[in-house]
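Reading through the structure tokens given below for one structure.
Just so it is clear: chains get the letters A, B, ... in the order the sequence lines come, proteins before strands, and each one is counted from 1. Values below: all heavy atoms of this structure, side chains included; hydrogens, waters and symmetry mates excluded.
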Amino acid sequence: MTIMSPEASSQRTLYPYVTGTSVVAIKYKDGILMAADMGGSYGSTLRYKSVERMKAVGKHSVLGASGEISDFQEILRYLDELILHDNMWDDGNSLGPKEVHNYLTRLMYNRRNKFNPLWNSLVLGGVKNGQKYLGSVSMIGVHFEDNHVATGFGNHLARPILRDEWKEDLTFEEGVKLLEKCMRVLLYRDRSAVNKLQIAKLTEEGMTISQPYSLKTFWGYGAFQNPTVGAEGSW
Amino acid sequence: MDNMDLNAPHSMGTTIIGVTYNGGVVLGADSRTSTGMYVANRASDKITQLTDNVYICRSGSAADSQIVSDYVRYFLHQHTIQLGQPATVKVAANLVRLLSYNNKNMLQTGIIVGGWDKYEGGKIYGVPLGGTIIEQPFAIGGSGSSYLYGFFDQAWKEGMTKEEAEQLVVKAVSLAIARDGASGGVVRTVIINSDGVTRNFYPGDTLPLWHEELEPQNSLLDILNAPAPEPMNI
């Protein structure tokens with residue numbers, strides 16, 4: 001029975017239901033900074049507004065996800081098992097971000113080959129032994145590693161900002177300001193963005209994730225107050 | 001004339017709600033089950049028991065939600081025997097999630113799990129389409145819930161009493177019934193706390209009237225035969 005026949009629809013994921021939008025992450029002086037809002041959209045409805053889309057993985061990594069939330073929850077369970085078995089070796093070694101990124105790549109790609117993808121775009125960041133690592137994996141297994149990564153709309157709106165303004169060894173304050181600049185643009189221009197976000201900081205010491213907070217937005221342009229002056233009916 | 005699809009699968013258009021309060025949870029639902037445009041059951045009970053202390057609200061496909069609840073009830077029963085004490089709400093919710101997630105291509109049911117256990121008190125978990133599990137202070141679901149997002153944004157408060165919570169749920173289901181064609185009938189509520197479970201039943205005539213709705217009458221004749229109104233004092 002081919003994967004393309006009508007009966008086979010029960011064997012492949014067709015579409016996502018509850019989805020998260022962009023994740024943006026950068027390397028900075030002490031490690032990784034990652035930002036994601038707390039929205040879980042249900043089609044066009046902004047249904048859930050307190051979804052944590054970034055989670056610690058082991059001692060050295062943080063995983064952020066956009067896409068189907070149920071699949072992200074399942075990936076976290078897979079990673080729990082991975083880390084558990086790693087700890088059970090009790091050999092002093094622990095999986096670093098590079099290894100976890102590789103594991104995720106295999107996971108996503110193999111599901112893609114079975115026409116039953118985990119409908120997520122993932123960002124995996126971490127620091128181990130002073131080495132900073134930041135990678136991403138898409139739902140079809142496309143993976144790469146860079147100084148700054150983003151998913152979804154973030155690719156189109158945040159990365160151009162990061163290409164211009166990211167530099168080596170940003171301070172924590174500079175990094176947070178830069179991420180907030182990206183998240184504000186996403187809030188203006190991404191319909192599925194919600195104004196409640198968290199920023200995760202990952203350094204050699206471990207991961208901390210901020211309390212949820214909201215960004216101020218700016219609407220005070222003259223052109224916003226009178227957009228159709230001289231051209232009634234336009235917008 | 002026969003454009004009613006009488007062979008359409010039974011779907012509970014539905015409005016379902018679960019709300020935590022200071023000491024437990026209140027679950028609420030409408031009672032309409034439709035087959036296409038026909039109301040197959042106007043007094044259904046969409047709040048289904050899983051254990052003594054955990055109930056679920058079912059929405060979406062009637063068949064899918066019933067079979068999921070039957071499996072979870074069975075698993076929970078086994079689990080309770082092995083555990084030697086009542087199952088927790090979290091375990092019940094995760095069992096629902098497992099079935100919903102692993103069969104996501106075939107199932108079309110959104111479920112709200114609510115109950116009380118001695119470790120966490122009253123808890124509500126939403127398990128929407130796709131099998132995401134999300135713990136919430138309150139949850140709404142079903143087609144009627146579209147009309148309630150704004151209402152709850154405004155009316156929900158942390159730390160309500162049992163009476164306040166139940167009033168909120170009844171008001172909300174009643175508002176959704178007013179606007180959602182797929183919701184209707186009576187409002188049923190189930191209150192779960194450390195003292196046990198209470199079921200309540202609110203037929204249409206006990207519910208408030210909303211915009212453009214009129215007081216029900218027995219007959220036009222009663223209106224016509226009503227005594228003439230008192231003259232005004234101008």
* **Residues A:Tyr42, B:Leu129; criterion side-chain contact (heavy atoms from CB on, under 4.5 Å); working and verdict** => CA-CA 9 Å; A:Tyr42 189 76; B:Leu129 257 49; 3.4 Å; yes

* To do: Could you walk me through whether A:Gln73 and B:Tyr101 pass the side-chain contact (heavy atoms from CB on, under 4.5 Å) test, one step at a time?
  => CA-CA 10 Å; A:Gln73 291 178 342; B:Tyr101 181 74; over 6 Å; no

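Annotation for B:Pro128 and A:Arg47: closest pair CB-NH1, 3.9 Å, computed over non-hydrogen atoms. Between B:Lys104 and A:Tyr17, the shortest heavy-atom contact is O-OH, 4.4 Å.
Salt-bridge annotation for A:Glu74 and B:Arg97: present, with a side-chain N of the basic residue lying under 4.0 Å from a carboxylate O of the acidic one.
For A:Glu145, the CD atom sits in a packed shell: over 12 heavy atoms of surrounding residues, nucleotides or ligands are nearer than 6.0 Å. Shown here is B:Tyr74, whose OH atom has no more than 12 heavy atoms of other residues, nucleotides or ligands within 6.0 Å. Around the OH atom of A:Tyr188, the shell of radius 6.0 Å holds more than 12 heavy atoms that belong to other residues, nucleotides or ligands. Heavy-atom neighbours of A:Tyr221 OH from other residues, nucleotides or ligands within 6.0 Å: at or below the threshold of 12. Within a 6.0 Å radius of CD in A:Gln225, more than 12 heavy atoms belonging to other residues, nucleotides or ligands are found.
Residue contact with chain B, scored on non-hydrogen atoms closer than 4.5 Å, is absent for A:Phe72. Residue contact with chain A, scored on non-hydrogen atoms closer than 4.5 Å, involves the backbone and the side chain of B:Ile133 alike.
Pairs passing the salt bridge (charged side-chain N to carboxylate O under 4.0 Å, His left out) check and including a residue from residues 75-87 of chain B, sequence neighbours excluded, do not occur.
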For residues 20-31 of chain B, which side-chain donor-acceptor pairs fall under 3.5 Å, sequence neighbours excluded?
from: B:Thr20; atom 1: OG1; to: B:Pro137; atom 2: O; distance (Å): 2.8
from: B:Tyr21; atom 1: OH; to: B:Asn193; atom 2: ND2; distance (Å): 2.9
from: B:Asp30; atom 1: OD1; to: B:Thr15; atom 2: N; distance (Å): 2.9
from: B:Asp30; atom 1: OD1; to: B:Lys46; atom 2: NZ; distance (Å): 2.9
from: B:Asp30; atom 1: OD2; to: B:Arg32; atom 2: N; distance (Å): 3.2
from: B:Asp30; atom 1: OD2; to: B:Lys46; atom 2: NZ; distance (Å): 3.2
from: B:Asp30; atom 1: OD2; to: B:Gly184; atom 2: N; distance (Å): 2.9
from: B:Ser31; atom 1: OG; to: B:Arg42; atom 2: O; distance (Å): 2.8
from: B:Ser31; atom 1: OG; to: B:Gly184; atom 2: O; distance (Å): 3.4
from: B:Ser31; atom 1: OG; to: B:Val186; atom 2: N; distance (Å): 2.8

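Checked by atom type and distance alone, the side chain of A:Ser70 pairs as donor or acceptor with a backbone atom of B:Gly130 at under 3.5 Å.
Taking CG from A:Asn116 and CG from B:Asn105, the interatomic distance works out to 6.5 Å, rounded to the nearest 0.5 Å.
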